[in-house]
S.K.: 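Mind having a look at this structure? Questions to follow.
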Amino acid sequence: MTLARRVLDEAVRPRWAVLGMLPSGGARPVAALLGVNVVLGLLPVGFVISTSVLVGRVPAAAEAGLGSTAWDALVTAFLVAAAAFAGQQALTPVQVWLGETVRRRVDGHAHQLVISAAMRSTGIGPMEDQAVLDALSNASLRLVKDTETPGTAVAGMAALIARYLRLLGYVTVVALAVSWPAGLALFAATMLFRTGQRGGMRRYSQVWERIIPLTRREEYLRDLATGRAAAKEIRVFGLAGWLSDRYADVAREGLALVWRERRRIFLGPFLGFTAFGLLTAVAVAVAVATAAAGGRITLTQLTLAMQATVAALLLGEFYPEADVQTQWGMLAVSGLRRVGSLVERAGEDLPLVDPRVSPAGLPRGSVRFERVRFAYPGGRTVLDGLDLELPAGKCTAVVGVNGAGKTTLVKLLTRLHEPTGGTIRADGLDIGRFDAGAWRRQISVIFQDFIRYELSARDNILLGAAHAAPDEDAVRAAAAGSGILGVFEDLPLGLGTPLSRAQRGGTDLSGGQWQRVAIARSLYALRRGARLLVLDEPTSALDVRAEAAFFDQFVELTRGVTTVLISHRFSSVRRADRIVVLDGGRVSEQGTHEELLARDGRYAELFRLQAGRFTGGPDDPGDA
């Protein structure tokens with residue numbers, strides 16, 4: 001990579017990205033902030049000029065005495081200097097207030113961008129991609145820290161306007177008071193200081209991006225140790241010491257890289273730039289002193305040159321109020337842009353949506369998998385030429401050993417992933433041509449790893465059809481259908497009870513009760529228009545009797561609904577209209593329970609093996 005290309009990538013483009021977020025700060029606040037920073041850039045230069053003039057007029061005023069023209073000129077210079085100083089003091093709080101206003105607006109916009117970028121894809125492929133997760137973690141981590149956000153970068157860059165205006169003013173003062181070579185040398189010295197400080201910090205901050213995977217691991221271990229989910233096992237298994245040691249190891253690994261790179265980036269280059277800058281500054285000071293000693297400049301010019309030189313050199317030092325904000329905030333902006341770019345790239349291969357085709361009311365005939373293939377990125381092929389028909393209004397059960405592709409089939413059906421080959425059709429129409437959101441409204445799903453929302457019981461059920469207007473009667477009917485309504489009615493807040501003891505007035509549910517809540521959520525979706533019901537291990541947390549009772553009721557509740565049932569319990573799937581056995585990514589057997597037993601194939605083998613566990617003879621097929 002050429003030097004120009006590297007400078008463009010490391011320094012110029014990130015700044016343009018930050019400037020691109022200025023409009024989100026609001027036109028008036030941004031304009032006011034820029035205006036205040038321009039004034040704050042000019043006032044210190046005015047103060048240096050007026051105080052220098054003041055010093056230059058002291059001899060004449062002292063000689064002429066009070067009331068003289070020279071004395072009046074001295075007072076005028078003093079008043080101008082006082083006004084410049086007072087203006088700085090008055091505008092600095094205004095600058096801070098406007099900067100905070102713009103920061104909060106920009107950060108609010110950035111939060112929306114993070115959420116929309118994370119949820120932009122129709123599927124979950126990007127959220128399983130390591131590069132996307134790292135970029136998202138980088139952006140989110142910076143947003144959590146108030147000093148490392150896109151808003152602070154915008155406010156910091158605005159503050160740099162004042163800084164560089166001062167530098168140009170001081171350089172011009174030295175050039176006019178002494179000589180243009182002296183002014184240009186002062187500019188070069190100041191910028192060398194800046195290169196040593198700011199440039200090194202830019203390279204140093206980029207090191208932190210390389211440890212994002214370690215940071216994510218560190219956050220996971222911290223959340224594991226301090227959260228509720230693992231609290232029981234940590235204590236029962238005595239994992240407190242192990243977690244502390246593992247957390248420390250991961251933290252040290254990341255810090256070791258940072259420390260090593262910090263020495264490389266800062267030590268040698270910083271000393272070199274500083275030494276060169278100091279030599280240049282000394283040369284300027286000698287030139288000013290020589291001119292003064294030779295009588296080539298006046299006392300006013302000498303004071304101007306010395307004040308401007310010192311003030312300019314101070315501008316080359318580390319500037320926490322702008323440098324830290326700008327550099328670390330740019331990392332957040334870069335993370336935002338990278339997330340958006342990666343998500344967009346992941347969506348480039350998605351099928352084109354045809355707005356003229358609507359999935360409303362489908363399927364009426366069937367859903368068909370036609371030669372469907374699917375392989376996870378970098379992984380094995382899960383489905384390999386799958387042909388499968390799901391008749392409308394019937395219950396189709398899908399069984400198979402772990403890894404056979406049962407849950408992957410659900411992900412493809414709900415378009416959380418797209419097939420890598422073949423087509424899925426609803427009544428002959430490719431579901432990839434439907435708007436993903438519209439298609440999903442036709443589907444009600446209970447995932448095996450469903451979410452336990454720390455919301456009220458009512459809201460947990462309503463989320464099954466969040467797009468529809470709330471229907472209290474449908475909520476109660478769904479809760480009754482899943483067998484959980486009675487539990488909620490016995491609570492003081494009824495369906496308004498938060499399902500978490502961490503919430504005021506809340507309660508905790510057992511695993512089986514939570515599964516009934518998930519089933520109620522799915523039944524509610526059916527009552528609000530869904531046509532296809534997908535149950536991925538819907539009763540894994542229920543005992544055998546509760547499961548049998550549920551499925552007896554389930555058959556009546558879902559009669560006439562197109563249903564896909566995935567379960568490892570054959571006592572459940574035997575009630576399905578048709579049973580499909582997946583093996584090697586394809587359908588190996590299909591038929592009714594009785595037909596598959598009569599065939600005496602893989603299904604019969606698995607059924608008898610499982611049945612034997614309840615009759616005391618798992619190795620004796622005759623026990624079934």
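Along the sequence shown, residues carry numbers from 1. From a predicted model like this one, the values you see are computed outputs, not experimental measurements.
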S.K.: Between Leu386 and Leu409, does a side chain to side chain contact (heavy atoms under 4.5 Å, CB included) hold up when you go through it step by step?
M.R.: CA-CA 10 Å; Leu386 174 67; Leu409 183 148; 3.8 Å; yes
S.K.: Does any N or O in the side chain of Thr562 come within less than 3.5 Å of the main-chain N or O of Leu532, such that one atom is a donor and the other an acceptor?
M.R.: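 Looks like no, no N/O pair under 3.5 Å.
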S.K.: Taking side-chain hydrogen bond (donor to acceptor under 3.5 Å, both in side chains) as the test, write out the residues that go with Asp223, two or more places apart.
M.R.: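 For Asp223 there are no side-chain hydrogen bond (donor to acceptor under 3.5 Å, both in side chains) partners, ignoring immediate neighbours.
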S.K.: If we only count heavy atoms from C-beta on, is the Ser24 to Val106 side-chain gap below 4.5 Å?
M.R.: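 Of all side-chain heavy-atom pairs linking Val106 with Ser24, at least one is under 4.5 Å.
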S.K.: Give every residue pair that meets the salt bridge (charged side-chain N to carboxylate O under 4.0 Å, His left out) criterion with at least one member in residues 360-372, sequence neighbours excluded.
M.R.: Arg368-Glu370, Arg368-Glu389, Glu370-Arg425, Arg371-Asp387
S.K.: Can you see which heavy atom on Pro150 is nearest to which on Ala110, and at what distance?
M.R.: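 Heavy-atom minimum between the residues: CG-CB, 3.8 Å.
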S.K.: Are a donor atom and an acceptor atom from the side chains of Thr408 and Tyr376 found within less than 3.5 Å of each other?
M.R.: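 Result is yes, a qualifying pair exists.
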S.K.: Taking C-beta and beyond as the side chain, do Asp536 and Val445 meet within less than 4.5 Å on heavy atoms?
M.R.: no
S.K.: Could you pull out all residues at least two apart from Asp435 that satisfy salt bridge (Lys or Arg N to Asp or Glu O under 4.0 Å)?
M.R.: none
S.K.: Report the C-alpha distance between Val487 and Gln513 in whole Å, list the side-chain angles of each, state the deciding distance to 0.1 Å, and finish with yes or no for side chain to side chain contact (heavy atoms under 4.5 Å, CB included).
M.R.: CA-CA 9 Å; Val487 174; Gln513 288 172 330; 3.9 Å; yes
S.K.: Does Asp384 reach the main-chain N or O of Gly585 with its side chain, forming a donor-acceptor pair under 3.5 Å?
M.R.: no
S.K.: For residues 460-470, run the donor-acceptor check on the side chains, cut-off 3.5 Å, and write out each pair with its distance to 0.1 Å, sequence neighbours left out.
M.R.:
residue, atom, partner, partner atom, Å
Asn460, OD1, Arg521, NH1, 3.3
Asn460, ND2, Tyr453, O, 3.0
Asn460, ND2, Leu455, O, 3.3
Asn460, ND2, Ser456, O, 3.1

S.K.: Roughly how far, to the nearest 0.5 Å, is the OG1 atom of Thr396 from the CG atom of Leu565?
M.R.: 9.5 Å
S.K.: Should Tyr220 and Val250 count as side-chain neighbours, where that means a heavy-atom distance under 4.5 Å?
M.R.: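 SC-SC contact between Tyr220 and Val250 ruled out.
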S.K.: Do the non-hydrogen side-chain atoms of Leu495 and Val475 ever get within less than 4.5 Å of each other?
M.R.: yes
S.K.: So, Glu418 and Arg415, do they make that salt bridge, N to O below 4.0 Å?
M.R.: yes
S.K.: Which heavy atom in Ala604 sits nearest to a heavy atom in Leu596, and how many Å separate them?
M.R.: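 Result for this residue pair: CB-O, 3.9 Å.
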S.K.: Quick one: does Phe488's side chain get under 4.5 Å of Thr497's, heavy atoms only?
M.R.: no
S.K.: To the nearest 0.5 Å, what is the distance between OH (Tyr247) and CZ (Arg217)?
M.R.: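 The distance works out to 13.0 Å.
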S.K.: Pairs in or reaching into residues 242-253: which pass salt bridge (charged side-chain N to carboxylate O under 4.0 Å, His left out), with residues at least two apart or in two chains?
M.R.: Asp249-Arg252
S.K.: With Ser444, which residues qualify under side chain to side chain contact (heavy atoms under 4.5 Å, CB included), at least two apart?
M.R.: Ser522, Ala525, Leu526, Ala530, Leu533
S.K.: Ile446 versus Ile519: any side-chain heavy-atom pair under 4.5 Å?
M.R.: yes
S.K.: Minimum heavy-atom separation for Val581 to Arg602, with atom names?
M.R.: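 Taking every non-hydrogen atom into account, CG1-CG, 4.4 Å.
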S.K.: Give, for atom CZ of Arg531 and atom OG1 of Thr563, the distance between the pair rounded to the nearest 0.5 Å.
M.R.: 11.5 Å
S.K.: Between atom CD1 of Ile424 and atom CD1 of Ile431, what is the distance when rounded to the nearest 0.5 Å?
M.R.: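 Answer rounded to 0.5 Å: 4.5 Å.
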S.K.: Can you sort out the partners of Phe434 under ring pair (Phe, Tyr, Trp, His ring centres under 6.0 Å), two or more places apart, ordered by chain and number?
M.R.: Trp439
S.K.: Quick check against the 3.5 Å criterion: does Asp430 have a side-chain atom that pairs as donor or acceptor with the backbone of Thr423?
M.R.: no
S.K.: Asp577 side chain to Cys395 main-chain N or O, any donor-acceptor pair under 3.5 Å?
M.R.: yes
S.K.: Please answer whether the main-chain N or O of Thr592 pairs with a side-chain N or O of Glu595 as donor and acceptor at a distance below 3.5 Å.
M.R.: yes
S.K.: Return the set of residues passing salt bridge (Lys or Arg N to Asp or Glu O under 4.0 Å) with Glu594 (not counting sequence neighbours), or none when no residue passes.
M.R.: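 With sequence neighbours excluded, Glu594 shows a salt bridge (Lys or Arg N to Asp or Glu O under 4.0 Å) to no residue whatsoever.
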S.K.: Of the non-hydrogen atoms in Arg608 and Asp600, which two are nearest, and what is the gap between them?
M.R.: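 Closest approach of Arg608 to Asp600, heavy atoms only: NH1-OD1, 2.6 Å.
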S.K.: Can you name the closest pair of heavy atoms from Ser482 and Ala520 and give their distance?
M.R.: OG-CB, 3.3 Å
S.K.: Between Leu388 and Arg586, does the side chain to side chain contact (heavy atoms under 4.5 Å, CB included) criterion hold? Intermediate values first, please.
M.R.: CA-CA 9 Å; Leu388 171 64; Arg586 298 184 180 184; over 6 Å; no
S.K.: With heavy-atom distances below 4.5 Å as the criterion, would you say the side chains of Asp471 and Tyr524 are in contact?
M.R.: yes
S.K.: Testing the basics here: between Pro23 and Gly20, what is the closest heavy-atom pair and its distance to 0.1 Å?
M.R.: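 That closest heavy-atom pairing would be CD-O, 3.4 Å.
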S.K.: Any salt bridge (charged side-chain N to carboxylate O under 4.0 Å, His left out) involving residues 390-409? Give me the pairs, sequence neighbours left out, ordered by first then second residue.
M.R.: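 Sorted result for residues 390-409: empty, none.
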S.K.: Using side chain to side chain contact (heavy atoms under 4.5 Å, CB included) as the criterion, list what pairs up with Ser500, not counting sequence neighbours.
M.R.: Arg228, Glu454, Ala502, Gln503
S.K.: Would you compute the distance between atom OG1 of Thr226 and atom CZ of Arg222 and round it to the nearest 0.5 angstrom?
M.R.: 7.0 Å
S.K.: Just to verify, what does Phe369 make a ring pair (Phe, Tyr, Trp, His ring centres under 6.0 Å) with, not counting sequence neighbours?
M.R.: none
S.K.: Can you name the ring pair (Phe, Tyr, Trp, His ring centres under 6.0 Å) partners of His109, sequence neighbours left out?
M.R.: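 Partners of His109 by the ring pair (Phe, Tyr, Trp, His ring centres under 6.0 Å) criterion come out as none, since no residue qualifies.
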S.K.: Nearest 0.5 Å please: distance from the CG atom of Leu499 over to the CG atom of Asp508.
M.R.: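 Reported to 0.5 Å precision, the distance equals 9.0 Å.
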S.K.: Taking the side chain as every heavy atom from C-beta outward, state whether Val399 and Leu606 have any atom pair closer than 4.5 Å.
M.R.: no
S.K.: Apply side chain to side chain contact (heavy atoms under 4.5 Å, CB included) to the pair Arg373 and Thr420, showing each step before the final yes or no.
M.R.: CA-CA 6 Å; Arg373 297 184 70 259; Thr420 52; 4.1 Å; yes
S.K.: Which word best sums up how the rings of Phe607 and Tyr603 line up, parallel for under 30°, tilted for 30 to 60°, or perpendicular for over 60°?
M.R.: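 Rings of Phe607 and Tyr603: parallel, as their planes differ by under 30°.
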